[in-house]
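Lettering of chains follows the sequences in order, A, B, ..., and the numbering in each one begins at 1.
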Amino acid sequence: MESGSIPVGDLSGGVDVQATLESGQSFRWHREDGRMYEADGPSGGSAWYATAVGGHTGGDPEVVRVRQRDGLLEWEATTDADRLLVERLRLDDDLPAIFDAIPDDELLSAATDAYRGLRVVNDPFFPCLVSFICSAQMRVERIHEMQAALAREFGETVVFDGETYHGFPTPERLARAGEDELRALGLGYRAPYVQRSAELVASGEATADDVRGLDYEDAREAMQAFVGVGDKVADCVLMFSLGYLEAVPLDTWIRTAIGEYYPHCERGSYAETSDAIRAEFGGEYAGYAQTYVFHYLRNRA
DNA sequence: CGCCAGGGCTCAG
DNA sequence: CTGAGCCATGGC
């Protein structure tokens, strides 16, 4: 076992691991105390979170475990995890600069004050794509369960510290899984979407490389080559995997916020409403603002 | 029973 | 391009 720690004080703007990993951005982390998404217990702020990474590329998964305690990000893993954590949790993002770019109206101030240190994640493309295809009309907790079921059923296992972990399945494996097998895991009508999108990735007919590097609007369009991906899911994958921090996914919570706080941004179509709220949220880092608002509103209700 | 959950697909107009 | 209907599943 390797281990290490990163001083939170070295990170511009700090970090809030719990808010980052329990805000419905990444569905590949698990709280080791089994209380993911439950109300903050006394130890909630320093719980261990674990994930198995790398399995979706066909190699043996590596396990990474992290917790935030006493001003440190402590980790234990099957490999050196310093740089991996910096990448996955975007620890190099300059949060004060990002907050400067986000307007400080009533809602945004409340949301960023409540979860200061929450960071937008940077997940690998395929697991992120599948997660958000599964997210359609689903609660966050169930999206998480569905990804766990996919990994348990089709992912490579790895034992670490006496515990068994499952990496995310490869595109080939999910493409080979029949629609019926996926439905059996509770994916419902999303099952054929996942299967067909996995096929596209496995065959190379549509991949992340077709999207990476495009201007935001073109990238959102290109994402819809995948099955089960419309404007909203496209925005999620663009932000949480491909680094488009200006993307503002219009989900039910944000639409409610628009109705209550920004009615002038309601323009009828997704594209125009998204454009308006992106400007309202300061443009460049509007997705960061959206992520804070989503987590804030969802936890407040 | 009904409603809702981080929507997308298909088919009419 | 826009809108309705449909799509599974589980919690409340």
Could you check whether [X] gets within reach of a base, just the sugar-phosphate, or nothing at all, counting any heavy atom under 4.0 Å?
| X | result |
| --- | --- |
| A:Arg142 | base |
| A:Gly230 | sugar-phosphate |
| A:Ser23 | base |
| A:Val233 | sugar-phosphate |

Spatial distance of atom CD (A:Glu246) from atom CD (A:Gln290) [nearest 0.5 Å] = 13.0 Å

Is the side chain of A:Tyr270 donor-acceptor paired with the backbone N or O of A:Leu250 at a distance under 3.5 Å, no angle test?
-> yes

Is the side chain of A:Asp16 donor-acceptor paired with the backbone N or O of A:Ala19 at a distance under 3.5 Å, no angle test?
-> yes

Distance check needed: [N] [atom2] versus [X] [atom1], whole Å only.
| X | N | atom1 | atom2 | value |
| --- | --- | --- | --- | --- |
| A:Glu141 | C:dT9 | CD | C1' | 15 Å |
| A:Gln137 | C:dG5 | CD | C1' | 13 Å |
| A:Met146 | C:dA8 | CE | P | 13 Å |
| A:Arg267 | C:dT2 | CZ | P | 15 Å |

Residues A:Asp231 and A:Gln224: side-chain donor-acceptor under 3.5 angstrom = yes

Answer yes or no for A:Arg116 and A:Phe99: cation-pi contact, defined as NZ/CZ to six-membered ring centre under 6.0 Å and angle to ring axis within 45°.
-> yes

Most 5' of A:Gly228 and A:Phe27 on DNA chain B, judged by nearest nucleotide = A:Phe27

Where each residue is assigned the nucleotide of DNA chain B containing its nearest heavy atom, which of A:Tyr193 and A:Gln25 is assigned the position nearer the 5′ end?
-> A:Gln25

Write down the distance separating the P atoms in B:dC11 and C:dA8, rounded off to the nearest Å.
-> 15 Å

Separation between the P atoms of B:dG6 and C:dG5, rounded to whole Å | 24 Å

Along DNA chain B, 5' to 3', what are the outermost nucleotides having an atom less than 4.0 Å from a heavy atom of chain A?
-> B:dC4 to B:dC9

Kindly work out whether a path of hydrophobic side-chain contacts (I/L/V/M/F/W/Y, heavy atoms less than 4.5 Å apart) joins A:Leu11 to A:Leu72.
-> no

Opposite nucleotide pairing with C:dC7, Watson-Crick or G-U, both atom distances under 3.5 Å | B:dG7

Kindly give the heavy-atom pair with the smallest separation between A:Gln195 and A:Leu174, and that separation in Å.
-> CG-O, 3.8 Å

